[in-house]
Amino acid sequence: MATLGAIADDLTGATDLAITLTSAGFRTTVVLGADADGERHTLDAANGADAVVVALKSRTMPVDEAVAVSLDALAWLRRAGCERFYVKYCSTFDSTPEGNIGPVSEAVLEALDEEVTVIAPAFPANGRTVYRGHLFVGDEPLDESPMRHHPLTPMTDSNLLRLLEPQVSRGADDTALVPWPVVSQGADAVRDAIGAAREAGARFVVVDALRDADLRTLAAATDDLRLLTGGSALAQGLCGPRSDERSEFTLPGGPRVVLSGSASRATQGQVRHALSSGSGLRIRAAALREDFEAVVSSAVTEARASEAAPFVVYATASPEDVVDTADAPVIERALAEIAERLVAAGTRALLVAGGETSGAVVRRLGVGSLTLGPEVDPGVAWMLGHRDGEDIHLMLKSGNFGAEDLFVRAWEEGA
Ligand SMILES: Nc1ncnc2c1ncn2[C@@H]1O[C@H](COP(=O)(O)OP(=O)(O)O)[C@@H](O)[C@H]1O
Ligand SMILES: O=C(O)[C@@H](O)C(=O)COP(=O)(O)O
């Protein structure tokens with residue numbers, strides 16, 4: 001019976017959290033959606049897991065829709081027996097100004113009838129740190145990092161309190177900060193600070209974190225809270241009932257295909273690196289609008305004919321490639337169509353780059369749940385996708401995660 005239930009706002013965020021929970025000793029399953037028609041997949045998948053992560057595609061949904069699907073997921077997790085909950089969003093706090101991190105966190109907190117939760121996006125192993133409430137990506141404040149150009153959620157402020165306040169009901173009265181000097185004093189000091197913030201009326205407490213040790217301190221300080229929110233790294237301090245159990249599997253043969261819909265800086269470098277030793281095809285929105293079928297069938301044909309080196313179907317290899325964010329949906333749809341045709345032709349392993357892109361691909365493939373395999377880079381692992389047909393080996397890569405050679409190395413490390 002699962003005890004911990006997580007609600008992730010995109011698929012790569014869900015798999016990222018699953019990796020951390022597994023390392024923390026939770027036998028973890030990722031399920032896609034928790035709506036009624038998915039119930040069969042998901043309830044079966046939850047059996048035997050200690051933690052279940054529901055992967056939504058809600059990060060850029062209209063606020064009301066994001067809240068509704070998140071509350072549906074919460075209700076499903078409670079039916080599956082979960083007693084503690086985790087709202088997972090991006091370590092770069094990807095959100096439009098209207099939401100959805102604040103509205104979803106508030107809706108879940110109120111549905112659980114809880115008084116306070118923490119806001120902890122930090123992921124130090126991937127360079128995401130929070131100091132005095134400001135989120136940094138490496139050495140750059142968030143609003144000076146490439147995330148300021150994200151096609152869907154451009155981040156133009158690094159101050160988490162300023163980002164959150166417009167998103168929660170009581171604005172500045174609903175938020176508070178526990179700064180790093182308090183965090184450095186240990187769990188009791190953090191617990192006291194969160195208690196004081198709650199007494200002052202705040203429900204969403206941003207907590208600084210510069211190191212994994214700070215997140216472990218926070219996890220210890222909040223072991224009495226039924227709801228946590230953050231990136232994946234906060235989960236490293238949760239204590240699961242068993243050792244790290246990962247499914248060992250060997251990647252099947254066949255073409256090594258990467259489908260990249262991410263426009264993030266790390267992915268751009270990975271695309272360029274893979275193209276330097278392999279081959280690929282760039283899909284352009286204009287060409288897709290002119291003749292969608294021609295672009296898709298050409299990509300499938302070339303991908304199927306590719307040899308050992310990875311074949312990369314990509315939308316962006318440099319910042320200049322992102323011409324119009326309105327092109328995003330047709331690119332997602334094309335990559336999902338290409339994935340479906342490759343799998344129909346026998347492909348049983350795909351590397352997909354991008355959270356929204358991964359969501360579009362796995363929904364098109366009818367994947368209902370995912371089991372964790374070997375971790376290849378921090379926050380990036382091979383998974384086994386379960387569906388009505390044959391299982392599919394998938395690596396669903398967060399846009400800004402992974403080393404530059406990942407698209408080439410991943411196939412060796414999954415073998
Ligand atoms: N060249 C481009 N022009 C417009 N939109 C793009 C381009 N490349 C990618 N996109 C879109 O940007 C979005 C990237 O989101 P996502 O897949 O979550 O990547 P990440 O994980 O990097 O955020 C997708 O909707 C994708 O279709
Ligand atoms: O926390 C993170 O950074 C990731 O888990 C994540 O959410 C990344 O989302 P995408 O950039 O959309 O892949």
Side-chain angles (χ1 to χ4, degrees), residues 6-21 30 53 55-61 86-95 100-101 120-129 135 137 142 145-147 149-155 215 229-236 259-271 282-289 313-338 352-362 377-381 395-402:
I7 302 163
D9 64 358
D10 87 345
L11 184 52
T12 48
T15 57
D16 172 18
L17 177 59
I19 291 165
T20 307
L21 287 169
V30 177
V53 184
L56 301 175
K57 199 173 186 291
S58 58
R59 184 169 292 179
T60 55
M61 273 182 183
Y86 197 112
V87 169
K88 163 61 178 73
Y89 41 77
C90 194
S91 62
T92 46
F93 211 73
D94 295 17
S95 183
N100 294 322
I101 294 172
F123 191 157
N126 272 335
R128 278 83 166 139
T129 55
L135 179 55
V137 179
L142 176 65
S145 79
M147 284 303 298
H149 299 309
H150 191 283
L152 302 178
T153 51
M155 301 309 293
L215 291 166
T229 86
S232 64
L234 173 58
Q236 66 185 293
L259 302 176
S260 176
S262 166
S264 293
R265 175 164 61 175
T267 301
Q268 291 175 17
Q270 290 156 348
V271 167
R282 183 181 163 197
I283 56 171
R284 291 173 168 81
L288 288 165
R289 276 192 285 270
V313 182
Y314 66 97
T316 299
S318 68
E320 297 71 39
D321 293 342
V322 179
V323 174
D324 182 351
T325 57
D327 294 339
V330 71
I331 290 170
E332 280 187 35
R333 185 161 63 87
L335 290 170
E337 180 72 23
I338 292 165
V352 187
E356 299 294 322
T357 303
S358 295
V361 165
V362 297
D377 278 339
V380 186
M395 177 175 283
L396 306 172
K397 185 200 83 81
S398 295
N400 272 313
F401 286 4

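Computation of the quantities below employed the complete heavy-atom set of this structure, encompassing side-chain atoms and omitting hydrogens, waters and symmetry-equivalent molecules. Numbering of ligands and ligand atoms starts at 1, following listing order. Bear in mind the structure is a predicted one, so any value in this text is a computation, not a measurement. Index from 1, following the sequence.
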| request: Look up atom OG1 in Thr92 and atom CE in Met147, then write down how far apart they are to the nearest 0.5 Å. | output: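 Answer rounded to 0.5 Å: 3.5 Å.
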
| message | Give me the atom names and distance for the closest heavy-atom approach of Ile283 to Ala334. | response |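 Distance-wise, the nearest heavy atoms are CD1-CB, 4.2 Å.
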
| field | Where Leu17 and Ala235 come nearest, the two heavy atoms and their spacing | value |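 Scanning both residues, the minimum pair turns out to be CD1-CB, 3.6 Å.
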
| message | Could you check whether Asp377 pairs with Lys397 (Lys NZ or Arg NE/NH1/NH2 to Asp/Glu carboxylate O, under 4.0 Å)? | response |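 A salt bridge is absent here (no side-chain N lies under 4.0 Å from a carboxylate O).
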
| query | Between Phe401 and ligand 2, is there a nitrogen or oxygen pair with a distance under 3.5 Å? | reply |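 Between Phe401 and ligand 2, no N or O pair is found under 3.5 Å apart.
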
| query | Going by heavy atoms, is Arg59 under 4.0 Å from ligand 2? | reply |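 Arg59 counts as a contact of ligand 2 under the 4.0 Å cut-off.
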
| Gly355 heavy atoms, cut-off 4.0 Å: which ligand 2 atoms fall inside? |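 Listed by number with element, the hits are 10 (P), 12 (O), 13 (O).
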
| field | Test of proximity, Ser91 against ligand 2: N or O pairs below 3.5 Å | value |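 Yes; the residue has a nitrogen or oxygen that sits under 3.5 Å from a nitrogen or oxygen of the ligand.
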
| query | Between Val380 and Met395, what is the shortest heavy-atom contact and its length? | reply |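 Nearest heavy atoms, Val380 then Met395: CG1-SD, 3.5 Å.
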
| Can you check whether Lys397 has an N/O within less than 3.5 Å of an N/O in ligand 2? |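 Not met; the criterion fails.
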
| said: Just verifying a value: how many Å separate Leu135 CG and Ser145 OG, rounded to the nearest 0.5 Å? | reply: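 Between atom CG of Leu135 and atom OG of Ser145 there are 8.0 Å.
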
| Under 3.5 Å between some N or O of ligand 2 and some N or O of Lys88? |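 Yes; the residue has a nitrogen or oxygen that sits under 3.5 Å from a nitrogen or oxygen of the ligand.
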
| task | Measure the spacing between CD1 of Ile331 and OG1 of Thr316 and express it to the nearest 0.5 Å. | result |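 Answer for the CD1-OG1 pair, Ile331 versus Thr316, is 6.0 Å.
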
| So which protein heavy atom does atom 12 (O) of ligand 2 come closest to, and at what separation? |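 For atom 12 (O) of ligand 2, the nearest protein heavy atom is Asp10 OD2, 2.9 Å.
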
| Under 3.5 Å, N or O to N or O, is Cys90 touching ligand 2 that way? |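 For ligand 2, there is no N or O atom that lies under 3.5 Å from one belonging to Cys90.
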
| request: Show the numbers, then the answer: is there a side-chain hydrogen bond (donor to acceptor under 3.5 Å, both in side chains) between Tyr86 and Thr229? | output: CA-CA 5 Å; Tyr86 197 112; Thr229 86; over 6 Å; no

| field | Minimum-distance protein heavy atom relative to atom 5 (O) of ligand 2 | value |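 Heavy-atom neighbour on the protein nearest atom 5 (O) of ligand 2: Asp16 OD2, 2.7 Å.
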
| query | Got an N/O contact under 3.5 Å between Asp94 and ligand 2? | reply |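 No; the residue has no nitrogen or oxygen that sits under 3.5 Å from a nitrogen or oxygen of the ligand.
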
| Roughly how far apart are Ser232 OG and Asp16 CG, rounded to 0.5 Å? |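 Interatomic distance, Ser232 OG to Asp16 CG, rounded to 0.5 Å: 3.0 Å.
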
| task | Flag the pair Asn126 / Asn400 as yes when at least one side-chain heavy-atom distance between them is below 4.5 Å, and no otherwise. | result |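 With C-beta onward as the side chain, the pair stays apart.
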
| field | Residue part near ligand 2, for Asn126, under 4.0 Å between non-hydrogen atoms | value |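 The answer is neither; Asn126 stays 4.0 Å or more away.
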
| request: Consider every N or O of Ser232 and every N or O of ligand 2, then say whether any pair is closer than 3.5 Å. | output: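 There is no such contact.
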
| message | Measuring from atom OG of Ser95 to atom CZ of Arg59, what distance do you get when rounded to the nearest 0.5 angstrom? | response |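 Rounded to the nearest 0.5 Å, the OG-CZ separation comes to 9.5 Å.
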
| query | Counting each atom of ligand 2 from 1 as listed, which ones have a heavy atom of Gly399 under 4.0 Å away? | reply |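 Ligand 2 atoms under the 4.0 Å threshold to Gly399: 10 (P), 11 (O), 13 (O).
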
| task | Would you please write out the protein residues whose heavy atoms approach any atom of ligand 1 to under 4.0 angstrom, listed by chain and number? | result |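 Within 4.0 Å of ligand 1, protein side: His150, Pro151, Leu152, Gly261, Ser262, Ala263, Ser264, Ala315, Thr316, Asp321, Val322, Asp324, Asp327, Ala328, Ile331, Glu332, Gly354, Gly355, Glu356, Thr357, Gly399.
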
| task | Mind listing the closest non-hydrogen atom pair of Ser358 and Gly354 along with its distance? | result |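 What the structure gives for the nearest pair is OG-O, 2.6 Å.
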
| query | Do the charged groups of Lys57 and Asp9 touch, with an N to O distance under 4.0 Å? | reply |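 Asp9 and Lys57: not salt-bridged.
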
| query | What do you reckon, does Thr12 have a nitrogen or oxygen under 3.5 Å from a nitrogen or oxygen of ligand 2? | reply |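 Among all N and O atoms of Thr12, at least one is under 3.5 Å from an N or O of ligand 2.
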
| query | With a cut-off of 4.0 Å, which atoms of ligand 2 are near a heavy atom of Ser398? | reply |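 So the atoms of ligand 2 that pass are 4 (C), 5 (O), 6 (C), 8 (C), 13 (O).
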
